[in-house]
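Right, one structure below, let's go through it.
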Amino acid sequence: MHTPPRGPACAIYYTTLAAIAVPVNLVAIVILSLGRCGLSRCITRYLLSMAVTDLLVIITAVLLNRIPAVYFPNSFLSITPLCRLIITLIYASRDSSVWLTVTFTFDRFVAICCHKLKTKFCTEQMAAVIIGMVFALSCLINIPWYFIHEPIYIINNVPWYCRLKEIRYTSPIWAAFHWTDRILTPCLPFFLILFLNALTVRHILVASRFRRSFRAQINGENQGDPEMQNRRKSIVLLFAISGSFILLWMTYFVQFFYDRFTNGYKIKGFSDPKFSLRESTNMLQLLSCCTNTFIYTVTQSKFRVQLKHIVQYPLNVIVKLIT
């Protein structure tokens with residue numbers, strides 16, 4: 001993730017990504033904080049935390065890492081202690097973003113499929129506890145990334161840039177850490193999201209079939225079912241978020257196994273096709289941090305209304321000043 005990008009295409013991509021992702025996540029944070037989207041407080045907590053972590057990923061991985069590597073390769077951000085800290089924060093924010101997607105998926109699974117557990121688990125207080133645990137654990141388990149890097153150059157007693165220590169490739173302990181890191185993000189989340197969504201779909205199909213049959217016996221005809229319509233809206237939001245995650249992380253998932261079984265992590269240079277594959281993987285992974293706001297806009301009518309108000313507000317102010 002911290003490999004320096006190369007070429008005008010990378011410069012344009014990361015600049016555009018930052019220009020879009022930062023404001024859209026800020027807008028999502030503002031709208032969700034107002035709590036006027038017609039969503040439960042539990043769901044709002046998860047979506048708000050996901051917007052915050054997505055913004056942190058963009059700040060650490062793009063604004064502090066990728067863009068400086070393109071435009072300011074010798075800035076103070078390249079000093080080794082700061083470089084180490086940025087890399088650690090990138091992994092911590094990335095893990096938080098991924099696992100909050102998992103916890104949101106699990107929360108919706110419980111809300112739809114486990115009615116007895118729903119009243120205890122799907123609450124605002126429980127969501128706050130789980131979100132706090134995800135943040136804390138993501139920071140804790142990524143501390144080793146700070147110590148596994150060393151300077152590339154030392155100029156006037158100042159260490160510059162970061163690279164993985166050779167022990168990373170020879171020590172069983174570091175190899176185990178690397179495997180654990182990749183399993184926790186994104187392999188395990190990948191399978192958990194697919195598994196939970198499969199169970200949710202199965203439950204919805206069975207419940208929908210039963211409710212249609214039951215309502216037909218009572219009413220004599222299939223009429224609109226408000227409960228199923230509300231559940232359908234919740235499912236569309238869930239599947240859009242988790243589906244976006246799976247699609248944009250798929251390349252990263254495939255690359256991980258390719259590297260493990262073919263020594264693909266050994267890149268000979270920036271012209272190596274494996275470097276291009278890795279950089280494309282990073283691009284798609286970071287793109288996933290600005291898609292949720294667009295998903296909310298498409299799937300949630302009340303979110304669109306609040307977004308329209310935010311866009312119109314400065315325009316109305318300008319019109320009033322002019323007139």
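Heavy atoms only: backbone and side chains are in, while hydrogens, waters and symmetry mates are out. When a residue number appears, it is its place in the shown sequence, counting from 1.
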Determine, stepwise, if the pair Leu64 / Ile59 fulfils side-chain contact (heavy atoms from CB on, under 4.5 Å).
CA-CA 6 Å; Leu64 297 180; Ile59 291 173; 4.3 Å; yes
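- Note on Leu284: it does not cluster hydrophobically with Val24, by side-chain heavy-atom contacts below 4.5 Å among ILVMFWY residues.
- Under the 4.5 Å side-chain criterion, counting only non-hydrogen atoms from C-beta, Tyr91 is not in contact with Ile141.
- Judged by distance alone, the side chain of Ser97 and the main-chain N or O of Arg94 form no donor-acceptor pair under 3.5 Å.
- One distance of note links OH of Tyr46 with CD1 of Ile241; it measures 12.5 Å at 0.5 Å rounding.
- Residue Ile173 qualifies as open at atom CD1: its count of foreign heavy atoms under 6.0 Å is 12 or below.
- With contacts defined as side-chain heavy-atom distances shorter than 4.5 Å, the pair Cys162/Ile87 qualifies.
- Between the side chain of Asn25 and the backbone N or O of Cys289, at least one donor-acceptor pair lies under 3.5 Å.
- With a 4.5 Å cut-off on side-chain heavy atoms, Pro81 and Tyr146 count as touching.
- The CD1 atom of Ile43 lies 11.0 Å from the CG atom of Leu32; values are rounded to the nearest 0.5 Å.
- In this structure, Cys37 and Thr44 have side chains that are not in contact, with every pair of non-hydrogen atoms separated by 4.5 Å or more.
- Once rounded to the nearest 0.5 Å, the distance linking CD of Gln306 with OG of Ser301 reads 10.5 Å.
- Linking Ile, Leu, Val, Met, Phe, Trp and Tyr residues whenever their side-chain heavy atoms come within less than 4.5 Å places Leu199 and Ile204 in a single cluster.
- His203 places none of its side-chain heavy atoms less than 4.5 Å from the side chain of Val206.
- Going from atom SG of Cys290 over to atom CG of Leu55 covers 11.5 Å, rounded to the nearest 0.5 Å.
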Please report the C-alpha distance between Leu47 and Leu237 in whole Å, then the side-chain angles of each, then the deciding distance to 0.1 Å, and finally whether the side-chain contact (heavy atoms from CB on, under 4.5 Å) criterion is met.
CA-CA 11 Å; Leu47 298 185; Leu237 177 62; 4.1 Å; yes
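- For the residue pair Ser244/Thr291, the side-chain donor-acceptor check at 3.5 Å is satisfied.
- Using a 30° and 60° split on the angle between ring planes, His149 and Trp145 fall in the tilted class, from 30° to 60°.
- In the hydrophobic cluster analysis, where Ile, Leu, Val, Met, Phe, Trp and Tyr join through side-chain heavy atoms closer than 4.5 angstrom, Tyr14 is grouped together with Val22.
- By the 4.5 Å heavy-atom criterion applied to side chains, Ile90 and Val57 are not counted as neighbours.
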Starting from the C-alpha separation in whole Å, work towards a yes-or-no answer on side-chain contact (heavy atoms from CB on, under 4.5 Å) for Phe109 and Asn197.
CA-CA 7 Å; Phe109 164 75; Asn197 282 345; over 6 Å; no
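- Under the 4.5 Å side-chain contact rule for hydrophobic residues, Leu247 and Leu196 do not share a cluster.
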Go through it in stages, so that I can follow the logic: the residues are Ser33 and Ile29, the test is side-chain contact (heavy atoms from CB on, under 4.5 Å), and I'd like the CA-CA distance, side-chain angles, deciding distance and then a yes or no.
CA-CA 6 Å; Ser33 298; Ile29 291 171; 4.0 Å; yes
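- For residues 289-323, the pairs satisfying ring-ring contact (aromatic ring centres under 6.0 Å, His included) are Tyr296-Phe303, with sequence neighbours left out.
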Check: residues 182-193 side-chain donor-acceptor pairs under 3.5 Å, at least two apart:
from   : atom 1 : to     : atom 2 : distance (Å)
Arg182 : NE     : Tyr252 : OH     : 3.4
Thr185 : OG1    : Asp95  : OD1    : 3.1

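- Counting only residues at least two apart or on different chains, no salt bridge (Lys or Arg N to Asp or Glu O under 4.0 Å) pair has a member in residues 296-318.
- The closest side-chain heavy-atom distance from Pro144 to Trp174 is below 4.5 Å.
- Using modelled atom types, one finds no donor on one side chain facing an acceptor on the other under 3.5 Å when comparing Thr88 with Asn142.
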Counting only pairs under 3.5 Å, give me each side-chain donor-acceptor contact of residues 70-79, with atom names and distances, residues two or more places apart or in other chains.
from  : atom 1 : to     : atom 2 : distance (Å)
Tyr71 : OH     : Thr15  : OG1    : 3.0
Asn74 : OD1    : Tyr161 : OH     : 2.4
Ser75 : OG     : Phe72  : O      : 3.3
Ser75 : OG     : Leu77  : N      : 3.4
Ser78 : OG     : Pro73  : O      : 3.1

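- Annotation: side chain of His178 is not in contact with side chain of Ile148 (no heavy-atom distance under 4.5 Å).
- Between Ala92 and Ser138 the shortest heavy-atom distance is O-CB, 3.5 Å.
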Step by step, work out the salt bridge (charged side-chain N to carboxylate O under 4.0 Å, His left out) result for Arg66 and Glu279.
CA-CA 11 Å; Arg66 317 305 284 182; Glu279 193 60 32; 2.6 Å; yes
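- Follow the hydrophobic side-chain contacts under 4.5 Å out from Leu194 and you reach Phe245 in the same cluster.
- Residues meeting the side chain to side chain donor-acceptor pair (under 3.5 Å) test with Thr281, sequence neighbours left out: Gln255.
- Note: Leu26 CG to Ile58 CD1 = 11.0 Å, rounded to the nearest 0.5 Å.
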Taking distance alone, no hydrogens or angles, what donor-acceptor pairs closer than 3.5 Å link side-chain atoms of residues 116-135 to residues at least two apart or in another chain?
from   : atom 1 : to     : atom 2 : distance (Å)
Thr123 : OG1    : Met126 : N      : 3.1
Glu124 : OE2    : Arg45  : NE     : 3.3
Glu124 : OE2    : Arg45  : NH2    : 3.3

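- Considering CG of Asn65 and OG1 of Thr60, their distance stands at 8.0 Å, rounded to 0.5 Å.
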